[in-house]
Asker: 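One structure coming up, written as structure tokens, with questions to follow.
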Amino acid sequence: MDNWQKVFSDGSPVRAEIVKSVLEENGIPAVVMNKIESVYRIHGQYEVMVPQIEFSKALNIVKNEISF
């Protein structure tokens, strides 16, 4: 994951999957990483990662085309 960058994070796995899906529909590879602490499950986030070369395009899509 060295060449990947976080473009979105949220405590909701559903929102992270929606962002991933929208990015993939626009031709941007995306991965959801579960960064939730495993014991108590109260700390952490779900992070959507994209390749660094797609980061600017992905960030633009997240900011302008996705609303919850």
Side-chain angles (χ1 to χ4, degrees):
M1 298 300 298
D2 289 339
N3 295 326
W4 291 64
Q5 235 177 325
K6 177 176 66 174
V7 73
F8 178 81
S9 68
D10 196 275
S12 166
V14 174
R15 287 184 176 185
E17 288 294 334
I18 289 170
V19 169
K20 176 187 174 203
S21 178
V22 171
L23 291 172
E24 288 177 340
E25 287 173 3
N26 284 280
I28 300 172
V31 175
V32 175
M33 295 188 67
N34 181 348
K35 297 285 189 154
I36 301 291
E37 180 261 330
S38 63
V39 177
Y40 297 108
R41 299 196 173 274
I42 57 174
H43 300 291
Q45 299 281 316
Y46 293 91
E47 298 179 350
V48 179
M49 308 289 287
V50 297
Q52 285 180 346
I53 59 172
E54 300 285 356
F55 179 76
S56 298
K57 183 178 173 185
L59 188 59
N60 188 39
I61 291 169
V62 170
K63 286 185 175 184
N64 297 319
E65 295 183 24
I66 301 172
S67 62
F68 297 105

Asker: Taking only residues two or more places apart in sequence, or in another chain, which ones meet Glu25 in a side chain to side chain contact (heavy atoms under 4.5 Å, CB included)?
Answerer: Ser21

Asker: Could you state the interatomic distance from CD1 (Ile36) to NE2 (His43), rounded to the nearest 0.5 Å?
Answerer: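 Interatomic distance, Ile36 CD1 to His43 NE2, rounded to 0.5 Å: 10.0 Å.
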
Asker: What pairs of donor and acceptor atoms, side-chain ones from residues 1-20 against any protein atom, are under 3.5 angstrom apart with sequence neighbours left out?
Answerer:
from: Asp10; atom 1: OD1; to: Ser12; atom 2: N; distance (Å): 2.8
from: Ser12; atom 1: OG; to: Val14; atom 2: N; distance (Å): 3.3
from: Ser12; atom 1: OG; to: Arg15; atom 2: N; distance (Å): 3.2

Asker: Enumerate, atom names and distances included, each donor-acceptor pair closer than 3.5 Å involving a side-chain atom of residues 47-68, sequence neighbours excluded.
Answerer:
from: Asn60; atom 1: OD1; to: Asn64; atom 2: ND2; distance (Å): 2.4
from: Asn64; atom 1: ND2; to: Asn60; atom 2: O; distance (Å): 3.2

Asker: Can you give me the closest heavy-atom contact between Asn26 and Val22, atom names plus distance?
Answerer: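 Distance-wise, the nearest heavy atoms are ND2-O, 2.8 Å.
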
